[in-house]
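Reviewing the structure listed below.
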Amino acid sequence: MERDPLRLAWKTNRIRHLLGFLLLAAAGVFLVLGLDLVREVVDLAIGALSPTTPFLSIVFSLPALMGPEPFVLFPGLSLSPETHARASIAALVLVPLLIALILTVLNWVTVGIRSQTLARILSRMLETILKASPTTGTDVTETTTLASEILSREGGILGSALISSVRQLGMIGLCFAYVLVTDWRLGLTLAVMLALGSIFNARRVTQRLETANARRREGEGIETAWADLIHRLPALRAHGTAAFEQNRITRTLSQRHRPVIAREHRLALADSIAAAALLLAPLAVLAVGAWFAPGRSLTAGALVASALAASLAAFGVREFVQWRQLVDRTRLLFSELVQNLSSLQSRDRLPATVPLPQNGALVAQGVSAYDPASGARVTGVDLHMSFPSHVALVGDGDAGPRVLAALIGGQLAASTGQLTYGGVDLNTADPVSRAHRIALAGDTVLIPGSLRDNLAYGATAATEELDKRLRDAVVTAGLDRLIHARGLSGTVDPKSEPQVAASLVETRQDVRRALAREDLDRFVDPFSADRYNRYATIGENLLFGKAIGDTFREDRLAGHPFVRAILEAEDLTKPLARIGLSIATSMIEIFADIPDGHPLFERFSFFAASDRTYFEDLVERRKENRRGIQTGRDQERLIGLALLYNESRHRLGLLETGMEGRIVAARADFTRMLPVSLQPAIEFYDESRLCTAASVQDNLLFGRIAADQAGAADAVQKVIRRVLTERGLDDDVSRIGLNMPLDAQGGDLTLSEIAAIDVVRCLVRRPDILVVQRALDGLPGPAAERLVADLRRAMIGRGLIIVTPEVTSAMDHPPFDSVIRFDRGEPVEDTRTRQPEALTA
């Protein structure tokens, strides 16, 4: 990438720059025209120019050495005296407007150049980072930080670096040329003043920079002094040295401030001289013109126009000096950025002349590597593994095997030695091709989007083929139950999927009959308009439906006027407030020793950590019988807690049978009296149709699974899945689960499920070798053995490398082709003889 912002802008889009230069040329023409119009209007006003003179005549008086006759560039237009004056004034007003219009178009051109330049820089950065060696993690972070600083702070210079420089120089040159053509003495005077102005303004910019550096050093010194004082505070209090420390700090601050004062004095002087030099430019032109005007044909209008041109030129010099300082600073930052990008490109990484073979020998010769994330390392690895084969890496508490797996998968680069596959050095292989041929299931990075987006991350197959691969891969990785469960928690829109919605309603009876046959219907409490559902919250029982939008959202329910009116009518306000107070008291006692932000508090508490102190104060006021417990805000918050209460799940013994009946009565009033304007905000349960806002599981069961029965959810969902499969709906539910959004932080998944996602990502790419680094972490023995068996079955005829704490007899059936055991970072290969039995699909 180009280090100079001027050349970078030019090379990005030459056509736009040429267009910009044409616009600058047009603006320059109008600038010269405007100066000449000033001359003409002034001369007309004082009578120095005859009204019969042609309008807009452009005539240059040449020096005597070049000839006595003036040079006529444009003869002008013949106008009447009255029209001449009006036309001159109108043209003088029109010229600035035309220049402003041209500059507006020019700014649009520079915006386009800036956008393309930014895109070019980002593209180059992205290309370099994606191809960077795994060992350049810190360098990548530093480079992206530097680039972000440059693009945010200096991004405005990128598009206009060259055009703005030409614009400012062009304005200075045109103004100087106009004055020089008007009178060579005036031009010489202006040249001297502009040179002095340039020198003094450059000095002013330098002084500003030095003053800023002095202030920065003063700030660092002050910060150090305060930090030292804070460090000495215990000794100060113990020995009474306040006066000594005060004198010491005062002296230190005074010493630090002296250089700043000196720099500020110099800056003030430089500012004054620079301003005076630029201000003197038009005054000097006027003075010289006035001195020589009596003996020459220099009119008052020409003198005024020359002074105006001198003012513009002086202003241009000031702006150009400041602009060059910005461009120079950007050039330095760009040089550093380019240097960082160059360092990211591995010097030993060469384009692969031979593609990776489908099969071959993976050979490590004297390979050593270090993993900065875990601190583990392997040394002197000499291995020869022929593929396709199945290999297990064990020992060293998984440290050594994981480092070797990361090496093979391309997450780490070897510190020493060489790693080849089929005779091709893996360091020279294209990273994308390598990832597709040798897939690593390691640390899973989730991305925003649906579960399907995460599982198909990196896959490039056609849609139908990808769906088939996904189905096989999720079964192999053991995620099919998770996907089905997420599908049951999803929703169906009858408008977009009317057949699925109708089939789900029809399947309700089949699910009920299947549960009854297996005596599992006791685990489900069906919805009934006349009965309290034990496994739903008080708020859900009150609504007997699902809220649509925010109007009746659970955390807003207690504050809704209509809901409060229903509760008041059924005399439920105070009882619910008492339940809420009991909940708040219990939560405060249960989580008394658990800090804010702890996962247990976030998951099981009824209120957020930020509300803990509020409820603690509320409970204390209630215990002391102080006034304020019945205020509207307190009562609303307590009722809000009560509406979240579920007796079967929370088991605080706060809900009695009589209270349940009163809530069911309030439900009837709620349904009957709901205003028409609020009806779109809730969808009531109806056994004859699908509840769009409710989950698929709630619709199939038309009820809730017992939350207080161990194994109830698994048993019921197993029956649901079997019935859905019989009716051909299992794929639809799985599709719903795949399309549900996934928490990119993994908050709704277990660690083993997160690791399995990376396994699926690898399987759908159909790699030649699959390296499984972390998928067995945290799995109980039988589950780990089942996963290994499924992976070995799926990778028949292809390579498989599994990192496992130990190889059990179930995993080793049939035996692995090779088991590599690590001892203090050094591997020992245990090559087996293949038994007659073989894996079967």
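Taking CG of L419 as the reference point, atom CG of D425 lies at 7.5 Å (rounded to 0.5 Å). To the nearest 0.5 Å, the span separating CG on L33 from CG on L94 amounts to 9.0 Å. One distance of note links CD1 of I172 with CZ of F320; it measures 6.5 Å at 0.5 Å rounding. Atom CG of L174 sits about 10.0 Å away from atom CG of L24, to the nearest 0.5 Å. I273 CD1 to Q207 CD: the interatomic distance, rounded to the nearest 0.5 Å, is 10.0 Å. In this structure, Q246 CD and L229 CG are separated by 10.5 Å, a value rounded to the nearest 0.5 Å.
L283 is listed as a side-chain neighbour of L280, based on a closest heavy-atom distance under 4.5 Å. Side-chain contact check for L101 versus L97: every heavy-atom pair is 4.5 Å or farther apart. Looking at M171 and E319, their side chains never come closer than 4.5 Å, going by heavy atoms from C-beta outward. Residues L106 and R167 have side chains in contact (heavy-atom distance under 4.5 Å, counting atoms from C-beta outward). Within the 4.5 Å cutoff, the side chain of L22 has no heavy atoms near those of the L18 side chain. Here the side chains of D228 and R248 are in contact, with some heavy-atom distance below 4.5 Å. Annotation: side chain of L446 is not in contact with side chain of Q745 (no heavy-atom distance under 4.5 Å).
Within 6.0 Å of OH in Y457 there are 12 or fewer heavy atoms belonging to other residues, nucleotides or ligands. Residue F315 places its CZ atom among 12 or fewer non-hydrogen atoms of other residues, nucleotides or ligands, all under 6.0 Å distant.
One N or O on the side chain of N454 and one on the backbone of I447 form a donor-acceptor pair closer than 3.5 Å. R434 places a side-chain N or O within 3.5 Å of a backbone atom of L426 that can act as its donor or acceptor partner. Side-chain N or O atoms of N107 include one that pairs as donor or acceptor with a backbone N or O of L103 at under 3.5 Å. Of the possible donor and acceptor atoms, none in the side chain of T241 sits under 3.5 Å from a partner among the backbone N and O of F244. Although no hydrogens or angles enter the test, the distance criterion places a donor-acceptor pair under 3.5 Å between the side chain of N201 and the main chain of G197. With T189 contributing its side chain and R185 its backbone, the two residues share a donor-acceptor pair below 3.5 Å.
Counting all heavy atoms, side chain and backbone alike, A369 lies closest to S415 at CA-OG, 3.8 Å. Residue Y178 comes nearest to L35 through the heavy atom pair OH-O, 3.5 Å, listed as atom of the first residue, atom of the second, then distance. For L31 against C175, the heavy-atom pair with the smallest separation is CD2-SG, 4.2 Å. Residues A214 and R263 approach most closely at CB-CG, 3.9 Å, considering heavy atoms. Considering every non-hydrogen atom in both L186 and G289, the closest pair reads CD2-N, 3.4 Å. When all heavy atoms are compared, the tightest approach of A744 to P448 is CB-N, 4.1 Å.
The residues R256 and E218 are annotated as not salt-bridged, no charged nitrogen and carboxylate oxygen being separated by less than 4.0 angstrom.
A side chain to side chain contact (heavy atoms under 4.5 Å, CB included) with V109 holds for exactly one of N13, L19, I15; it is L19.
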Hey, mind stepping through S450 and D453 against side chain to side chain donor-acceptor pair (under 3.5 Å) and telling me if it holds?
-> CA-CA 5 Å; S450 66; D453 294 335; 3.1 Å; yes

For the pair V95 and L37, evaluate side-chain contact (heavy atoms from CB on, under 4.5 Å) and give the outcome as yes or no after the intermediate values.
-> CA-CA 9 Å; V95 164; L37 283 171; 3.8 Å; yes

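Ring geometry for F21 against W10 counts as parallel: the plane angle stays under 30°, on a 0 to 90° scale with 60° as the upper cut.
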